[in-house]
Amino acid sequence: MEIADGPLSGVLVADFSRVLAGPYATMLLADLGAQVVKVEGPGGDETRSWTPPVRGDVSTYYLGVNRGKRSITLDLRDETDAGLARELARRADVVVENFKPGGLAKYGLDYDSVRAANPGVVYGSISGFGSGQGRDVPGYDLMVQAISGLMSLTGDPDGPPYRAGISVFDVMAGNHVVIGILAALLHRDTTGQGQHVEVNLLSSALTGLVNHSSAYVAGGTVPYRMGNAHPSVFPYEPLPTADNDLIVAAANDGQFRRLCEVLGIPEVADDPRFAHNADRTERRDELRPILTGRLAERGAVEWFELLVKAGVPSGPINTVDGGFAMAERFGLDPIVEVGEGDRAVPTTRHPIRFSRTPAGYRLPPPEPDEHGVELRAWLTEEDDRG
């Protein structure tokens with residue numbers, strides 16, 4: 001197969017994952033130059049049918065996490081197809097899967113079986129709750145948001161718990177497995193030894209709760225819902241203006257002083273009641289009306305321009321289109337096109353920028369078995385990788 005440019009050029013990834021966490025991870029690897037072969041069952045990746053919305057007749061969900069890959073459809077219940085899958089895993093530098101723990105063993109595609117034929121393989125597994133006592137529990141992001149405690153932290157204090165607006169722990173676990181794979185590849189390059197990299201959504205969630213996890217683990221405090229407020233910093237939340245709410249995040253004394261200067265109330269920064277963050281957090285109910293009284297004099301965008309110029313973190317609450325527009329304004333070029341002609345698809349730019357080995361966008365998200373003929377022929381040829 002053609003070798004792409006990029007920091008992972010020459011790395012072959014056998015992608016046995018589906019839906020979100022795994023495909024997101026393998027897409028990031030593909031952006032960095034890895035050759036990713038997406039193995040789908042006869043029914044295809046579930047997200048192909050997760051509509052609306054669509055682009056043409058293709059799910060935008062699927063398009064969002066599958067660029068840069070080649071697709072082959074293999075029915076692992078068929079021994080010929082299972083043999084091709086095993087050969088792909090034998091040749092691969094990296095295998096990524098998110099089957100139920102142990103689910104690939106009957107096909108000879110579990111870590112121990114693959115390692116026997118390919119000792120240097122880096123084998124990444126993603127599950128919901130690990131390969132131990134939680135192995136039989138289905139791993140859906142919404143379940144993990146509930147079980148981890150995230151939903152108990154999301155929503156109004158007197159209202160019901162809410163899920164995050166995205167599958168946040170699928171994305172987080174996808175990033176974690178990429179980190180693990182890259183570390184394991186470095187170790188393999190140094191020692192020649194492959195290894196099993198395991199990530200589960202619940203562990204990703206608990207580390208991802210960061211300060212809330214620490215509040216419980218280190219402080220014995222169980223956090224609770226505070227709406228958009230921050231438990232340890234004020235102001236650090238949306239505040240009303242003359243038209244729309246504005247995020248104001250004056251997280252230290254210098255930022256708070258500059259905020260007061262822009263609002264025309266410099267004396268508030270000198271008030272001993274609000275001298276330090278702990279004081280402002282304790283007396284947030286006294287300070288909030290002082291701030292909102294001045295913010296009511298202008299609109300959110302106007303205040304944003306003034307506050308950012310003064311070095312005070314703030315931002316209007318946009319819809320997603322506004323987020324992309326802001327990224328364009330800041331010169332981040334958030335949208336790139338992958339593929340050519342009728343197959344060209346606009347997609348979100350890879351988040352990491354490299355000074356020497358930039359991310360690439362070679363292949364559009366593949367159609368089912370789009371590269372099946374080519375890949376079957378390659379897998380049945382003598383292995384030119386040695």
Between L201 and S127, does a side-chain contact (heavy atoms from CB on, under 4.5 Å) hold up when you go through it step by step? CA-CA 6 Å; L201 270 65; S127 65; over 6 Å; no

Given side-chain hydrogen bond (donor to acceptor under 3.5 Å, both in side chains), test T347 with E337 step by step and report yes or no. CA-CA 6 Å; T347 185; E337 194 167 85; over 6 Å; no

Apply salt bridge (charged side-chain N to carboxylate O under 4.0 Å, His left out) to residues R349 and E328 and explain how you reach the verdict. CA-CA 12 Å; R349 179 179 294 278; E328 290 281 5; over 6 Å; no

Working for side-chain contact (heavy atoms from CB on, under 4.5 Å), residues E237 and V248: CA-CA 6 Å; E237 62 186 59; V248 178; over 6 Å; no

Should D156 and R225 be marked as a side-chain contact (heavy atoms from CB on, under 4.5 Å) after you check the CA-CA gap, both sets of side-chain angles, and the distance that decides it? CA-CA 6 Å; D156 291 329; R225 283 194 299 284; over 6 Å; no

Please evaluate residues Y24 and N175 with respect to the criterion side-chain contact (heavy atoms from CB on, under 4.5 Å), reporting the C-alpha separation (whole Å), side-chain torsions for both, the decisive distance (0.1 Å), and the verdict. CA-CA 8 Å; Y24 180 69; N175 279 311; 3.9 Å; yes

Worked verdict on S113 versus D110 for side-chain hydrogen bond (donor to acceptor under 3.5 Å, both in side chains): CA-CA 5 Å; S113 299; D110 58 301; 2.6 Å; yes

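Taking CG of L291 as the start and CD1 of I265 as the end, the distance is 5.5 Å to the nearest 0.5 Å. Rounding to the nearest 0.5 angstrom, the gap separating the CG atom in L109 from the CZ atom in F99 is 8.0 Å. Between the CG atom of N244 and the OG1 atom of T241 there is a distance of 6.0 Å, given to the nearest 0.5 Å. One finds the CG atom of N66 at 7.0 Å from the CZ atom of R48 (value rounded to the nearest 0.5 Å). Note: F169 CZ to S204 OG = 8.5 Å, rounded to the nearest 0.5 Å. The CD atom of E40 sits 9.5 Å away from atom CD of E46, with the distance rounded to the nearest 0.5 Å.
Across every non-hydrogen atom of F234 and N277, the tightest pair is N-OD1, 3.5 Å. Closest of all the heavy-atom pairs between Y162 and G155 is CD1-CA, 4.0 Å. Contact between P235 and L259 at its shortest, heavy atoms only, is CG-CD2, 3.9 Å. Closest approach of V178 to L29, counting heavy atoms only: CG1-CD2, 4.1 Å. Annotation for H350 and A359: closest pair CB-CB, 3.8 Å, computed over non-hydrogen atoms. The shortest heavy-atom contact between T292 and P240 is CG2-CD, 3.7 Å.
The backbone N or O of G149 sits less than 3.5 Å from a side-chain atom of S152, completing a donor-acceptor pair. Distance alone, capped at 3.5 Å, places no donor-acceptor pair between the T221 side chain and the P223 backbone. The closest donor-acceptor contact from the side chain of K69 to the backbone of P23 lies under 3.5 Å. No donor-acceptor pair closer than 3.5 Å links the side chain of K106 to the backbone N or O of G102. The backbone N or O of V54 sits nowhere less than 3.5 Å from a side-chain atom of T51 that would complete a donor-acceptor pair.
L88 and Y111 fall within the same hydrophobic cluster, where Ile, Leu, Val, Met, Phe, Trp and Tyr residues are linked whenever their side-chain heavy atoms come under 4.5 Å apart, directly or through other members. In terms of hydrophobic clustering, with Ile, Leu, Val, Met, Phe, Trp and Tyr side chains grouped at heavy-atom distances under 4.5 Å, L239 and V268 are assigned to a common cluster. Under the 4.5 Å side-chain heavy-atom criterion for grouping Ile, Leu, Val, Met, Phe, Trp and Tyr, V222 is not connected to L153 through any hydrophobic cluster. M172 and I352 end up in the same hydrophobic cluster when Ile, Leu, Val, Met, Phe, Trp and Tyr side chains are linked at under 4.5 Å. L150 and Y140 fall within the same hydrophobic cluster, where Ile, Leu, Val, Met, Phe, Trp and Tyr residues are linked whenever their side-chain heavy atoms come under 4.5 Å apart, directly or through other members.
Between R188 and D93 there is a salt bridge, since at least one side-chain N of the basic residue sits less than 4.0 Å from a carboxylate O of the acidic one. Comment: D271 does not engage R280 in a salt bridge, judged by the lack of any side-chain N to carboxylate O separation of less than 4.0 angstrom. Using a cut-off of 4.0 Å between Lys/Arg side-chain N and Asp/Glu carboxylate O, R67 and D31 are scored as salt-bridged. Between D279 and R273 there is no salt bridge, since none of the side-chain N atoms of the basic residue sits less than 4.0 Å from a carboxylate O of the acidic one. Here E370 does not pair with K38 in a salt bridge; the nearest charged N to carboxylate O distance is not below 4.0 Å. Ion pairing between a basic and an acidic side chain is recognised when a charged N comes within 4.0 Å of a carboxylate O; E87 and R90 show such pairing. Looking at R376 and D369, a side-chain N of the basic residue comes within less than 4.0 Å of a carboxylate O on the acidic one, giving a salt bridge. Taking 4.0 Å as the cut-off between side-chain N and carboxylate O, D141 and R163 do not count as a salt-bridged pair. A salt bridge does not link K309 to E302: none of the charged nitrogens lies less than 4.0 Å from a carboxylate oxygen. Using a cutoff of 4.0 Å between basic side-chain nitrogens and carboxylate oxygens, R115 and D112 are scored as salt-bridged.
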Under 3.5 Å, which donor-acceptor pairs link side chains of residues 7-21 to any protein atom two or more places apart or in another chain?
residue, atom, partner, partner atom, Å
S9, OG, A4, O, 2.4
D15, OD1, S17, N, 2.9
D15, OD1, S17, OG, 2.5
D15, OD2, T26, OG1, 2.7
R18, NH1, N98, OD1, 3.2

Name each donor-acceptor pair under 3.5 Å that joins a side chain in residues 315-326 to protein atoms two or more places apart or in another chain, with its distance.
residue, atom, partner, partner atom, Å
T319, OG1, D321, OD1, 2.3

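Heavy-atom contacts from other residues, nucleotides or ligands closer than 6.0 Å to CZ of R343 number more than 12. By the neighbour-count criterion of 12 heavy atoms within 6.0 Å, atom OH of Y361 is densely surrounded, having more than that number from other residues, nucleotides or ligands. Atom CZ of F354 is surrounded by more than 12 heavy atoms from other residues, nucleotides or ligands within 6.0 Å. For Y224, the OH atom sits in a loose shell: 12 or fewer heavy atoms of surrounding residues, nucleotides or ligands are nearer than 6.0 Å. Annotation for D5: atom CG does not count as buried by contact number, only 12 or fewer foreign heavy atoms lying within 6.0 Å. Within a 6.0 Å radius of CD in Q133, other residues, nucleotides and ligands contribute 12 heavy atoms or fewer. By the 6.0 Å contact criterion, NE2 on H187 is enclosed, its count of non-hydrogen atoms from other residues, nucleotides or ligands being greater than 12. The environment of CG in D270 is crowded: more than 12 heavy-atom neighbours from other residues, nucleotides or ligands sit within 6.0 Å.
Counting heavy atoms from C-beta outward, L185 and V94 have side chains that approach closer than 4.5 Å. V114 is listed as a side-chain neighbour of Y123, based on a closest heavy-atom distance under 4.5 Å.
For the pair R294 and W303, the cation-pi test (distance below 6.0 Å, angle within 45°) is failed. The side-chain tip of R86 does not point at the ring of Y107 from less than 6.0 angstrom away and within 45° of straight on.
H371 and S71 share no side-chain donor-acceptor pair at under 3.5 Å. Side-chain contact of N200 with S203: a donor-acceptor pair under 3.5 Å is present, judged by distance alone.
Ring planes of H230 and Y236: perpendicular class, angle over 60° (limits at 30 and 60°).
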